[in-house]
Amino acid sequence: MTYGIAWDPLHRELDRWQAAGRVARFWLRDDDTIEPTQALETLMTLACQSEVPLTLAVIPGLTGEALAARLVEDAAVAVAVHGWSHTNHAGPERKKQELGGERPADVVLGELRQGFRLLERLHPARFLPVLVPPWNRIDAALIPALPGLGFAALSVYGRAKQGGPVPLLNTHVDIIDWHGTRGGRSEEELVTELVAELRDRFAGSDEPVGVLAHHLVHDAAAWDFLSALFAVTGRHPAVRWSSASELLGP
């Protein structure tokens with residue numbers, strides 16, 4: 001497989017890491033999983049063939065035994081809690097949010113507790129006590145209660161701020177063009193973002209670079225980008241794709 005010039009900046013940045021004797025850490029999160037689909041099969045096959053650990057953010061209120069049966073043999077797949085039902089409770093003029101302040105905190109936390117226990121039961125071998133809020137948004141007042149529900153980490157979008165009540169394992173590069181085509185973004189844009197994240201890490205941050213996918217809306221451009229990304233990084237000695245559990249530690 002050959003790659004266009006759009007990938008040259010990433011090659012150069014990774015070569016710089018290699019020359020410095022350093023290794024960049026990447027991880028992959030995919031949101032909105034409910035049940036087995038052809039798109040999920042494509043994602044899992046691609047990740048498996050590329051030896052890229054995969055974290056699926058599963059919507060507890062919409063999933064069930066069918067997904068559990070499909071994942072039972074896939075040791076490289078982890079399951080995180082994607083809210084409860086991915087329902088927007090924000091007002092019409094506000095950004096979409098399920099885990100906001102529009103409802104009583106005990107109601108929201110009760111749903112999260114239920115979702116945690118359900119996915120823990122359905123996926124005992126691959127359950128990850130990580131909360132992935134729908135739309136990557138959660139009311140700050142709810143976060144201190146997460147450890148009491150059993151959550152070991154929170155995963156949203158953007159550079160992680162340190163010192164909060166729960167560790168953050170964030171994503172940073174979303175491959176979907178949500179405000180335009182709602183398909184895959186251009187290679188040039190995505191490579192530019194990846195390089196910017198790597199330069200931040202090279203300057204001193206130890207945060208792993210999180211790539212965010214949404215298999216249910218992938219078009220050819222999204223699949224092509226992931227395939228090329230896995231191939232480019234998988235062949236480079238300055239890259240390590242890590243599982244979420246590995247990054248969280250004990």
(request) Check the pair R25 / D206 against side chain to side chain contact (heavy atoms under 4.5 Å, CB included), numbers first and verdict last. (result) CA-CA 9 Å; R25 297 178 301 164; D206 61 354; 4.3 Å; yes
(message) Does E41 form a salt bridge (charged side-chain N to carboxylate O under 4.0 Å, His left out) with R70? I'd like the steps, not just the answer.
(response) CA-CA 10 Å; E41 290 296 328; R70 173 60 190 87; 2.5 Å; yes
(request) Under the side chain to side chain contact (heavy atoms under 4.5 Å, CB included) rule, what do H123 and L71 come out as? Steps first, then yes or no, please. (result) CA-CA 8 Å; H123 306 277; L71 298 183; 3.8 Å; yes
(message) Assess the residue pair R103 and E98 against the criterion (salt bridge (charged side-chain N to carboxylate O under 4.0 Å, His left out)); give the C-alpha distance rounded to whole Å, side-chain angles, the decisive distance to 0.1 Å, and a yes or no.
(response) CA-CA 9 Å; R103 300 181 295 158; E98 179 175 61; 5.3 Å; no
(request) Check the pair W135 / H86 against side chain to side chain contact (heavy atoms under 4.5 Å, CB included), numbers first and verdict last. (result) CA-CA 8 Å; W135 298 286; H86 215 299; 3.4 Å; yes
(request) Could you please spell out the steps behind the side chain to side chain contact (heavy atoms under 4.5 Å, CB included) verdict for V81 and L128? (result) CA-CA 8 Å; V81 183; L128 195 66; over 6 Å; no
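From L28, atom CG reaches atom OG of S243 across 11.5 Å, with rounding to the nearest 0.5 Å. Rounding to the nearest 0.5 angstrom, the gap separating the CZ atom in F225 from the CD1 atom in I175 is 7.0 Å. We find the CG-CG distance between L142 and L112 to be 7.5 Å, quoted to the nearest 0.5 Å. Taken to the nearest 0.5 Å, the CZ atom of R235 stands 9.0 Å off from the NE2 atom of H11. Rounded to the nearest 0.5 Å, atoms CD (E207) and CG (L169) are 8.5 Å apart. The CD atom of E188 lies 10.0 Å from the CH2 atom of W7; values are rounded to the nearest 0.5 Å.
At a threshold of 4.5 Å between non-hydrogen side-chain atoms, the residues V52 and W27 do not count as touching. With a 4.5 Å cut-off on side-chain heavy atoms, D31 and H82 count as touching. The shortest distance between side-chain heavy atoms of V239 and V23 does not fall below 4.5 Å. A heavy-atom distance below 4.5 Å is found between the side chains of R201 and V209. Side chains of P134 and L99 form a contact here, defined as non-hydrogen atoms less than 4.5 Å apart. Counting heavy atoms from C-beta on, the side chains of T45 and C48 never come closer than 4.5 Å. The side-chain heavy atoms of R94 and E102, taken from C-beta on, include a pair separated by under 4.5 Å. Between L194 and L229 there is a side-chain heavy-atom pair separated by less than 4.5 Å.
Ring centroid separation for the pair H214 and H218 does not come in under the 6.0 Å cut-off. The aromatic ring centres of W84 and F116 sit 6.0 Å or more apart.
Taking a 6.0 Å sphere around CZ of R117, one finds it holds 12 or fewer heavy atoms contributed by other residues, nucleotides or ligands.
Distance alone, capped at 3.5 Å, places no donor-acceptor pair between the T33 side chain and the V58 backbone. Side-chain atoms of D74 never come within 3.5 Å of backbone atoms of A76 as a donor-acceptor pair (strictly under, hydrogens ignored). Listed for the H172 side chain is a donor-acceptor partner under 3.5 Å among the backbone atoms of G210. Panel note: side chain R29, backbone A80; no donor-acceptor pair is recorded below 3.5 Å. The main-chain N or O of V156 is found under 3.5 Å from a side-chain atom of T171 such that the two form a donor-acceptor pair. Looking at N88, its side chain does come within 3.5 Å of a backbone N or O of Q97 through a donor-acceptor pair.
In the hydrophobic clustering of this structure, L146 does not group with V107; members are Ile, Leu, Val, Met, Phe, Trp, Tyr whose side-chain heavy atoms approach within less than 4.5 Å, directly or through other members. In terms of hydrophobic clustering, with Ile, Leu, Val, Met, Phe, Trp and Tyr side chains grouped at heavy-atom distances under 4.5 Å, I176 and L190 are assigned to a common cluster.
Not counting sequence neighbours, the partners of E35 by the side chain to side chain contact (heavy atoms under 4.5 Å, CB included) test are T37. With sequence neighbours left out, W241 forms a ring-ring contact (aromatic ring centres under 6.0 Å, His included) with F26, F230. Take V195 and apply the side chain to side chain contact (heavy atoms under 4.5 Å, CB included) test, not counting sequence neighbours, and it matches P9, L10, E13, V191, R199. Checked against side chain to side chain contact (heavy atoms under 4.5 Å, CB included), A20 has the following partners two or more places apart in sequence or in another chain: R22, F202.
When all heavy atoms are compared, the tightest approach of L14 to H236 is O-CE1, 3.2 Å. Contact record, G101 with D139: N-OD2, 3.5 Å, taken as the closest heavy-atom pair. Scanning both residues, S242 and P53, for their nearest heavy atoms gives C-CG, 3.8 Å. Nearest approach of V130 to S155, heavy atoms of both residues: CG1-CB, 3.9 Å. Of all heavy-atom pairs spanning P167 and A152, the tightest one is CD-O, 3.3 Å. Annotation for G158 and N170: closest pair O-ND2, 2.9 Å, computed over non-hydrogen atoms.
Salt-bridge check for R126 with E120: failed, with every basic side-chain N at 4.0 Å or more from each acidic carboxylate O.
When each of L40, L122, L62 is checked for a side chain to side chain contact (heavy atoms under 4.5 Å, CB included) with L67, only L40 meets the rule.
Side-chain contacts under 4.5 Å among hydrophobic residues (ILVMFWY), followed directly or transitively, place Y157 together with L212.
Identified under the salt bridge (Lys or Arg N to Asp or Glu O under 4.0 Å) test for residues 146-162, with sequence neighbours left out: R159-E197, R159-D200.
Using modelled atom types, one finds no donor on one side chain facing an acceptor on the other under 3.5 Å when comparing W223 with D219. In this structure, a donor-acceptor pair under 3.5 Å is absent between the side chains of H215 and D32.
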